[in-house]
Amino acid sequence: MLKISDNEFDRLVKFMRDNYGINLSHKRTLIEGRLGNMLYERGFKSYDEYLDCCLSDKSGQELDGLLIKLTTNHTYFMREPEHYSFLMSTVLPFAKKVNESNKSMHIWSAGCSSGEEAYTTAMHINEFLGKDKTFWDTRILATDISLKTLAGAQNGIYQTSGLSDLPPGWIDKYFDRINEEKCKVKPSLRKEVIFRTFNLMEPIPYKKAQFDLIFCRNVMIYFEMDTKIALVKRFFDVLRPGGYLFIGHAESIPREATKYEYIKPAIYRKPLK
């Protein structure tokens, strides 16, 4: 495994912090663990050589690979099920009521990774609306910084073992079985999610309609506090009054630094007034 020098470590940490808001200053072991063997096998002599390669590659594939290695966290369908219970009992009834006239809900999965969160949400919306779903536009915006990760999410193929937490009957209802090991999200559900590449460090361009709900779960774990506060403030600006923000249960938002109402662990709300 290729070891990283102090200067190389500082350079890589600064690059990730400046461009993506991710603080890896205490993650030297993680960096070497996720990159060391790959760099050695590919013949790179140093981390500097690899980073130079990422920055000079006009296709963007090398940089995309670096981002996947250093930012992709394990996710799965129905992660943090308390959120989906609250979604069904509180958020969707609210969104349906305030959007009754135009029949268009607005939900954003920010840092969607491999797509499980967005598809899980789409399934719950379908169950909630039932026969009325035909009359509603509830397409979910799902964004991530990695083009390769988004391409996989859009393709919608998952290991059958990763679907075990879904409610009974949902696998057959929302997936086509490829074989014993893999399933693919049905076309009708894939159409309910719009995947886009987006860096959360940038100004939010999605301002045509205010969001009823934003998911940003287990994304800000490596963010410094100033970066986190700036991001949740940008979320606040694009939420409708009464709109919700879901974050990961390992994360928190300093209440004194933002205007959110604390609802329960990992759930915050923009005040109605």
Side-chain angles (χ1 to χ4, degrees), residues 16 20-22 24 27 30-31 33-35 38 54 60-84 87 107-126 138-167 170-171 173-201 206 213-223 231 246-251 266:
M16 293 298 292
Y20 305 104
I22 297 170
L24 298 174
K27 301 295 180 180
L30 179 145
I31 292 172
R34 294 191 177 185
L35 296 179
M38 183 269 288
C54 290
Q61 292 183 1
E62 290 290 350
L63 181 56
D64 203 56
L66 171 65
L67 295 175
I68 290 172
K69 286 287 188 181
L70 295 184
T71 66
T72 299
N73 293 306
H74 176 63
T75 187
Y76 46 90
F77 286 92
M78 289 295 295
R79 186 176 188 178
E80 299 180 352
E82 310 84 17
H83 278 164
Y84 293 104
L87 177 75
I107 295 174
W108 178 13
S109 173
C112 67
S113 188
S114 44
E116 288 92 335
E117 176 180 271
Y119 287 128
T120 301
T121 305
M123 287 183 254
H124 279 81
I125 293 173
N126 191 70
T138 60
R139 287 173 295 174
I140 296 165
L141 173 66
T143 66
D144 200 87
I145 55 175
S146 169
L147 287 170
K148 185 176 181 180
T149 300
L150 287 173
Q154 195 163 19
N155 196 31
I157 296 176
Y158 298 95
Q159 294 290 325
T160 305
S161 58
L163 310 178
S164 59
D165 290 334
L166 289 172
W170 283 26
I171 296 178
K173 186 174 183 179
Y174 294 110
F175 293 83
D176 293 318
R177 296 181 184 271
I178 298 175
N179 51 43
E180 290 185 0
E181 296 181 352
K182 292 182 180 181
C183 290
K184 184 167 185 174
V185 178
K186 287 183 180 291
S188 58
L189 192 70
R190 293 206 309 275
K191 291 177 181 177
E192 292 298 309
V193 183
I194 301 170
F195 290 101
R196 295 286 184 269
T197 180
F198 179 64
N199 183 350
L200 290 172
M201 290 287 285
Y206 313 114
L213 168 64
I214 297 175
F215 285 88
C216 189
R217 304 190 301 175
N218 307 298
V219 175
M220 299 182 286
I221 295 173
Y222 295 142
F223 285 8
L231 175 59
F246 287 1
I247 64 175
H249 278 82
E251 303 166 317

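None of these values were measured; they are calculated from a predicted model. Every heavy atom of this structure was used, including side-chain atoms; hydrogens, water molecules and symmetry mates were not.
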- Determine, stepwise, if the pair Tyr222 / Leu30 fulfils side-chain contact (heavy atoms from CB on, under 4.5 Å). CA-CA 12 Å; Tyr222 295 142; Leu30 179 145; 3.5 Å; yes

- side-chain contact (heavy atoms from CB on, under 4.5 Å) between Thr143 and Tyr206, intermediate numbers included: CA-CA 11 Å; Thr143 66; Tyr206 313 114; 3.7 Å; yes

Quick one: does [X]'s side chain get under 4.5 Å of [Y]'s, heavy atoms only?
| X | Y | result |
| --- | --- | --- |
| Phe175 | Leu166 | yes |
| Leu150 | Cys112 | yes |
| Met201 | Leu231 | no |
| Thr75 | Asn218 | no |

Over all atoms of both residues, closest heavy-atom pair of [X] and [Y]:
| X | Y | value |
| --- | --- | --- |
| Ile171 | Cys183 | CG2-SG, 4.4 Å |
| Thr160 | Arg177 | CG2-NH1, 4.1 Å |
| Ile221 | Glu251 | N-OE2, 3.2 Å |
| Ala142 | Val193 | CB-CG1, 3.7 Å |
| Ala266 | His83 | O-NE2, 3.3 Å |
| Ala122 | Leu189 | CB-CD1, 3.7 Å |

- Of the options Glu117, Arg79, Met123, which is the one that meets Tyr84 in a side chain to side chain contact (heavy atoms under 4.5 Å, CB included)?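 Among the candidates, only Glu117 passes.
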
- Query: After noting the C-alpha distance and the side-chain angles of Glu192 and Thr138, does the key distance pass the side-chain hydrogen bond (donor to acceptor under 3.5 Å, both in side chains) rule?
  - Reply: CA-CA 7 Å; Glu192 292 298 309; Thr138 60; 3.2 Å; yes

Tell me if the [atom1] atom of [X] is crowded by more than 12 foreign heavy atoms within 6.0 Å.
| X | atom1 | result |
| --- | --- | --- |
| Arg190 | CZ | yes |
| Lys191 | NZ | no |
| Gln61 | CD | no |

- Query: Going through the checks in order, is the ring pair (Phe, Tyr, Trp, His ring centres under 6.0 Å) test met by Tyr119 and Tyr174?
  - Reply: CA-CA 9 Å; Tyr119 287 128; Tyr174 294 110; over 10 Å; no

- Task: Could you walk me through whether Ile22 and Thr71 pass the side-chain contact (heavy atoms from CB on, under 4.5 Å) test, one step at a time?
- Result: CA-CA 8 Å; Ile22 297 170; Thr71 66; 3.2 Å; yes

- Query: Step by step, would you call Ile140 with Ile125 a side-chain contact (heavy atoms from CB on, under 4.5 Å)?
  - Reply: CA-CA 10 Å; Ile140 296 165; Ile125 293 173; 4.1 Å; yes

Any chance you could measure [X], atom [atom1], to [Y], atom [atom2], to the nearest 0.5 Å?
| X | Y | atom1 | atom2 | result |
| --- | --- | --- | --- | --- |
| Leu87 | Glu82 | CG | CD | 13.0 Å |
| Leu67 | Tyr20 | CG | OH | 4.5 Å |
| Ile194 | Ser109 | CD1 | OG | 12.5 Å |
| Ser146 | Lys69 | OG | NZ | 12.0 Å |
| Thr120 | Glu116 | OG1 | CD | 7.0 Å |
| Ser161 | Glu181 | OG | CD | 8.5 Å |

- Message: Quick check on the 6.0 Å ring-centre criterion: do Tyr158 and Phe77 meet it?
- Response: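 Yes, the ring centres sit under 6.0 Å apart.
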
- Relative to each other, are the rings of His124 and Trp170 parallel, tilted or perpendicular (30° and 60° limits)?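 His124 vs Trp170 ring planes: perpendicular.
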
For the side chain of [X] and the backbone of [Y], is there at least one donor-acceptor N/O pair under 3.5 Å apart?
| X | Y | result |
| --- | --- | --- |
| Gln154 | Phe195 | no |
| Asp64 | Lys148 | yes |
| Asp144 | Ser113 | yes |

